[in-house]
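Here is the structure we will look at.
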Amino acid sequence: MMVRNRLRLLGLGLGLTLGLMGLHAAEPVSPPSKAESATTVLPSAKIDGTGPGWVALKRSDFADVNCKPDTWKFQDDGLITCTGQPVGVIRTTKKYTNFELVVEWKHLRSAGNSGVFVWALDEPLMSLKPGQLPHGIEVQVLDLGYTEQYEKATGKKATWFTTHGDVFRVGAAQLKPFPPISPDGSRSFPRKNLTKGINEWNHYYVRAINGEIRLWVNGEEVSGGNGANPATGYLCLESEGSPIEFRNLRIRELP
């Protein structure tokens with residue numbers, strides 16, 4: 001009887017051991033640590049501006065404002081070149097309220113500066129002199145080298161701007177920026193640094209609806225704001241001292 005009980009207990013113990021081994025093998029893999037998560041590269045999704053409602057913006061869709069005749073050139077393949085001289089803008093011939101915008105850009109010189117204006121006001125846009133910029137919401141287009149140049153020239157740290165897609169109001173326009181916010185409270189700083197450097201194409205997707213603007217840089221949303229006033233106006237491309245190229249400039253108007 002004792003032998004039989006011992007065998008029974010031995011069998012029970014063996015069964016429990018095998019069962020525990022099976023449970024251990026079936027346990028889910030532990031989630032990645034914070035360090036592992038920080039280095040994980042997630043896939044990005046870029047809206048290419050094709051499909052129902054999307055249209056390409058051509059030279060005929062723009063009007064000169066305060067640049068020279070040779071400042072901007074539109075090529076048949078969709079490439080737009082800008083000399084950067086003088087400082088100024090070209091504007092769309094019509095106003096936009098709610099829309100999606102896709103544009104790719106590439107700086108050709110280190111520390112290059114440019115931008116895309118959204119909802120630019122009629123005044124002072126219609127009477128700008130060379131060297132002046134409109135009032136509206138600016139989506140910053142800066143080369144990575146701009147920070148180094150600024151700090152060398154001023155001896156100060158670049159704390160009030162970034163080179164990765166700031167969104168901010170200019171002049172009489174109003175906007176409540178999304179966090180993170182610049183120290184002076186005027187700019188929406190990007191949540192992630194995604195801009196590529198000189199001679200590399202960058203992809204911007206802008207969504208502007210009912211006074212809210214959001215910017216995606218190279219496939220990921222990074223910055224924006226709401227409460228824009230006005231929330232309708234012209235789109236402008238900016239010339240600001242350095243040669244730059246744009247391509248795949250496409251827009252889709254929304255209700």
Side-chain angles (χ1 to χ4, degrees), residues 44 46-50 54-96 99-120 125 128 133-134 136-146 163-168 170 190 194-208 213-220 222-223 233-253:
S44 63
K46 295 179 182 177
I47 294 177
D48 62 6
T50 61
W54 285 96
V55 296
L57 290 175
K58 303 180 177 63
R59 186 66 180 93
S60 58
D61 297 304
F62 283 89
D64 294 323
V65 178
N66 60 342
C67 292
K68 294 181 178 180
D70 62 348
T71 301
W72 296 91
K73 292 183 179 180
F74 286 68
Q75 300 182 14
D76 293 339
D77 61 0
L79 183 69
I80 305 169
T81 63
C82 174
T83 65
Q85 301 294 337
V87 171
V89 296
I90 54 173
R91 66 168 177 87
T92 52
T93 56
K94 61 179 289 186
K95 294 181 179 181
Y96 295 92
F99 61 89
E100 296 173 281
L101 179 73
V102 168
V103 59
E104 295 180 67
W105 58 268
K106 176 174 66 175
H107 276 296
L108 305 181
R109 183 184 299 163
S110 180
N113 192 356
S114 184
V116 177
F117 278 84
V118 173
W119 297 324
L125 179 61
L128 287 181
L133 297 173
I137 308 303
E138 182 171 351
V139 180
Q140 187 77 76
V141 176
L142 276 180
D143 176 66
L144 299 179
Y146 196 90
T163 57
H164 293 274
D166 297 2
V167 174
F168 54 95
V170 177
L194 297 170
T195 301
K196 300 175 184 178
I198 184 174
N199 292 319
E200 293 190 77
W201 285 107
N202 288 277
H203 180 282
Y204 272 10
Y205 165 66
V206 178
R207 189 175 71 198
I213 180 171
R214 294 177 179 267
L215 170 65
W216 280 252
V217 175
N218 293 321
E220 295 186 48
V222 298
S223 54
Y234 297 96
L235 299 178
C236 299
L237 296 181
E238 180 183 358
S239 168
E240 197 166 357
S242 184
I244 186 173
E245 294 180 348
F246 296 90
R247 70 180 184 186
N248 296 334
L249 182 58
R250 304 181 67 83
I251 193 168
R252 175 164 66 177
E253 292 190 75

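Count residues from 1 along the sequence.
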Note to self: If we check ring-ring contact (aromatic ring centres under 6.0 Å, His included) with F62, which of these qualifies: F74, W72, F246, Y234?
What the structure shows: F74

Checklist line | Non-hydrogen atoms of Q85 and S239 that approach each other most closely | finding: N-OG, 3.4 Å

Check: Sub-3.5 Å donor-acceptor pair from the side chain of H164 to the main-chain atoms of L194, do we have one?
Finding: yes

Next item on the list: Before giving the answer on side-chain contact (heavy atoms from CB on, under 4.5 Å), spell out for V102 and D48 the whole-Å C-alpha distance, their side-chain angles and the decisive distance to 0.1 Å.
Entry: CA-CA 7 Å; V102 168; D48 62 6; over 6 Å; no

Notebook entry, point to check: Are W201 and H203 near enough that their ring centres are under 6.0 Å apart?
Noted result: no

Notebook entry, point to check: Which heavy-atom pair separates C236 from L125 by the least distance, and what is that distance?
Noted result: SG-CD1, 4.1 Å

Item checked: Backbone N/O of V141 and side chain of S114: donor-acceptor pair under 3.5 Å -> no

Item checked: Nearest non-hydrogen partners of W54 and R250, listed with the distance -> CZ3-O, 3.6 Å

Margin query: Working note: I198 + D143, criterion side-chain contact (heavy atoms from CB on, under 4.5 Å); need CA distance, chi angles, decisive distance, verdict.
Written below: CA-CA 6 Å; I198 184 174; D143 176 66; 3.7 Å; yes

Notebook entry, point to check: Does the side chain of E100 pick up a donor-acceptor pair with the side chain of Y205 at under 3.5 Å?
Noted result: yes

Next item on the list: Grab the two heavy atoms, one from T93 and one from A63, that are nearest each other, plus how far apart they are.
Entry: CG2-N, 4.1 Å

Next item on the list: Indicate yes or no: at least one non-hydrogen side-chain atom of N202 is less than 4.5 angstrom from one of T195.
Entry: yes

Item checked: Spacing of K196 atom NZ and L144 atom CG [to the nearest 0.5 Å] -> 11.5 Å

Check: Rounded to the nearest 0.5 Å, how far apart are CG of L215 and CZ of R207?
Finding: 11.5 Å

Checklist line | Candidate list N199, T83, I244, test side chain to side chain contact (heavy atoms under 4.5 Å, CB included), partner L108, passing option | finding: N199

Check: Using the ring of each side chain (for Trp, its six-membered ring), is Y204 parallel, tilted or perpendicular to W105, with breaks at 30° and 60°?
Finding: perpendicular

Check: Do E104 and K46 sit within salt-bridge range, that is, some charged N less than 4.0 Å from a carboxylate O?
Finding: no

Checklist line | Heavy-atom closest contact (A120 atom, P134 atom, distance) | finding: CB-CB, 4.3 Å

Check: Are I213 and V206 close enough that some pair of their side-chain heavy atoms sits under 4.5 Å apart?
Finding: yes

Margin query: How long is the straight-line distance from CD of E200 back to CG of N218, given to the nearest 0.5 Å?
Written below: 9.5 Å

Notebook entry, point to check: Going from CZ on F99 to CG on L235, what distance comes out if it is rounded to the nearest 0.5 angstrom?
Noted result: 4.5 Å

Item checked: CD-OG1 distance between E245 and T81, expressed to the nearest 0.5 angstrom -> 6.5 Å

Margin query: Counting only heavy atoms from other residues, nucleotides and ligands, does the tally under 6.0 Å from CG of D76 exceed 12?
Written below: no

Notebook entry, point to check: V89 and side chain to side chain contact (heavy atoms under 4.5 Å, CB included): which partner among L237, D64, N66?
Noted result: N66

Next item on the list: Apply side chain to side chain donor-acceptor pair (under 3.5 Å) to D61 and list each qualifying residue two or more places apart in sequence or on a separate chain.
Entry: none

Next item on the list: Drop me the distance from L101's CG to L249's CG, to the nearest 0.5 angstrom.
Entry: 6.0 Å

Margin query: Please find the pair of heavy atoms, one from P190 and one from D166, that lie closest to each other, and give the distance.
Written below: CD-OD1, 3.4 Å

